[in-house]
Participant: 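Please see the structure below; I have some questions.
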Amino acid sequence: VQLQASGGGSVQAGGSLKLSCEVFGRAFSNLLMGWYRQARGKQRELVATITGSGSTYTADSVRGRFTISRDNAKNTVSLQMNSLTPEDTAVYYCNTVTHLLTWGQGTQVTVSS
């Protein structure tokens, strides 16, 4: 099983990015998927989740700015990030929420002030 995240980059505060993650090697449509992030020197944190049927949860720190979505036909989960702040700077990863899979490399998001 492989998790391949992409779409990161460097933006100024207030900017937007859309991350995507493709899941290879296992059935996807029934997985509870999540986006996580890990800033330098901090623990990895869960920022958003989505069920197979599309019900979502977002953490307080990103609610109203980040939107998680999925395309079960393409085995992908996405994270639209708007109104980015320097505090959003981190490596972003996707994974399941229960029974974690092997972590992929993630994608770096850097927000400058």
Side-chain angles (χ1 to χ4, degrees):
V1 179
Q2 188 175 9
L3 304 169
Q4 188 169 314
S6 61
S10 297
V11 296
Q12 290 191 325
S16 299
L17 285 171
K18 186 173 184 177
L19 308 182
S20 293
C21 176
E22 189 168 1
V23 179
F24 297 91
R26 70 163 292 166
F28 175 77
S29 61
N30 62 341
L31 292 177
L32 174 59
M33 294 297 301
W35 278 98
Y36 301 75
R37 67 184 181 186
Q38 187 168 21
R40 187 170 297 179
K42 295 187 177 180
Q43 288 189 326
R44 191 171 293 170
E45 64 170 335
L46 179 64
V47 297
T49 68
I50 186 166
T51 67
S53 59
S55 297
T56 63
Y57 158 83
T58 49
D60 288 346
S61 58
V62 304
R63 191 166 298 148
R65 301 187 297 120
F66 290 12
T67 303
I68 188 171
S69 61
R70 68 191 293 158
D71 184 338
N72 287 337
K74 296 182 179 179
N75 281 22
T76 60
V77 58
S78 299
L79 187 68
Q80 176 67 47
M81 306 186 297
N82 299 326
S83 302
L84 286 161
T85 74
E87 289 69 35
D88 296 316
T89 295
V91 180
Y92 285 71
Y93 305 84
C94 73
N95 209 322
T96 58
V97 178
T98 57
H99 306 293
L100 290 172
L101 303 173
T102 301
W103 293 97
Q105 290 191 336
T107 186
Q108 175 72 47
V109 172
T110 303
V111 185
S112 58
S113 57

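Only a predicted model underlies this, so the values are computations on that prediction, with no experimental measurement involved. The residues of the chain are indexed from 1 along the displayed sequence.
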Participant: Is any side-chain heavy atom of Tyr92 less than 4.5 Å from a side-chain heavy atom of Cys21?
Facilitator: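 Not in contact.
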
Participant: Report the distance from atom OG1 of Thr85 to atom CD of Gln12, rounding to the nearest 0.5 Å.
Facilitator: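 Answer for the OG1-CD pair, Thr85 versus Gln12, is 13.5 Å.
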
Participant: Between Leu100 and Tyr57, is there shared hydrophobic-cluster membership here, with clusters defined by ILVMFWY side-chain heavy atoms closer than 4.5 Å?
Facilitator: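 Cluster IDs for Leu100 and Tyr57 differ.
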
Participant: To the nearest 0.5 Å, tell me how far Gln80 CD sits from Leu19 CG.
Facilitator: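 Between Gln80 CD and Leu19 CG, I get 8.5 Å after rounding to 0.5 Å.
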
Participant: What is the ring orientation for Tyr36 with Trp103, classed by angle as parallel under 30°, tilted 30 to 60°, or perpendicular over 60°?
Facilitator: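 Correct class here is perpendicular.
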
Participant: Mark yes or no for whether Asn95, through its side chain, and Leu101, through its backbone, hold a donor-acceptor pair below 3.5 Å.
Facilitator: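 Between the backbone of Leu101 and the side chain of Asn95 there is a qualifying donor-acceptor contact (under 3.5 Å).
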
Participant: Ignoring hydrogens, what is the shortest heavy-atom contact between Thr58 and Ala48? Give both atom names and the distance.
Facilitator: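 Of all heavy-atom pairs spanning Thr58 and Ala48, the closest is CG2-CB, 3.9 Å.
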
Participant: Quick one: CG on Leu79 to CE on Met33, what's the gap to the nearest 0.5 Å?
Facilitator: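 Nearest 0.5 Å value for the CG-CE distance: 11.5 Å.
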
Participant: Hey, does Val77 have a side-chain heavy atom less than 4.5 Å from the side chain of Leu31?
Facilitator: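 No - every pair of side-chain heavy atoms lies 4.5 Å or more apart.
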
Participant: Which atom pair, heavy atoms only, marks the closest approach of Leu3 to Thr102?
Facilitator: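 Shortest heavy-atom contact: CD1-O, 3.5 Å.
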
Participant: Are Val47 and Val11 connected into the same hydrophobic cluster when the rule is that any two of I, L, V, M, F, W, Y join if their side-chain heavy atoms are below 4.5 Å apart?
Facilitator: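 Same cluster.
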
Participant: Ser78 and Lys18: which non-hydrogen atoms are nearest, and at how many Å?
Facilitator: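 What the structure gives for the nearest pair is CB-CE, 3.8 Å.
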
Participant: Roughly how far, to the nearest 0.5 Å, is the OG atom of Ser55 from the CD1 atom of Ile68?
Facilitator: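 Going from the CD1 atom of Ile68 to the OG atom of Ser55 covers 11.5 Å.
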
Participant: Out of curiosity, Phe28 CZ to Thr96 OG1, how far, rounded to the nearest 0.5 Å?
Facilitator: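 Result: 10.5 Å between the selected atoms.
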
Participant: Taking everything shown except Gln105 itself, do over 12 heavy atoms lie less than 6.0 Å from its CD?
Facilitator: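 For Gln105, atom CD is not crowded (no more than 12 foreign heavy atoms under 6.0 Å).
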
Participant: Report the distance from atom CG of Leu32 to atom CZ of Arg70, rounding to the nearest 0.5 Å.
Facilitator: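 Atom-to-atom, Leu32:CG and Arg70:CZ are 8.0 Å apart.
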
Participant: Can you spot which of Asp88, Thr107, Thr89 makes a side-chain hydrogen bond (donor to acceptor under 3.5 Å, both in side chains) with Arg37?
Facilitator: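 That would be Asp88; it is the only one of Asp88, Thr107, Thr89 passing the side-chain hydrogen bond (donor to acceptor under 3.5 Å, both in side chains) with Arg37.
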
Participant: Tell me the closest heavy-atom pair linking Ala13 and Ser113, and the distance in Å.
Facilitator: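 Shortest heavy-atom contact: CB-CA, 4.3 Å.
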
Participant: Quick check: does any side chain N or O of Asp71 sit under 3.5 Å from a backbone N or O of Thr76, one acting as donor and the other as acceptor?
Facilitator: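 Such a contact is absent between Asp71 side chain and Thr76 backbone.
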
Participant: Please report the closest heavy-atom contact between Arg65 and Ser83, naming both atoms and the distance.
Facilitator: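 Taking Arg65 first and Ser83 second, the nearest heavy atoms are NH1-O, 3.0 Å.
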
Participant: Ignoring hydrogens and angles, tell me if any N or O in the side chain of Arg44 forms a donor-acceptor pair with the backbone of Tyr93 under 3.5 Å.
Facilitator: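 Looks like no, no N/O pair under 3.5 Å.
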
Participant: Tell me if a side-chain donor or acceptor on Arg26 pairs with a main-chain N or O of Val1 at a distance below 3.5 Å.
Facilitator: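 Answer holds: no.
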
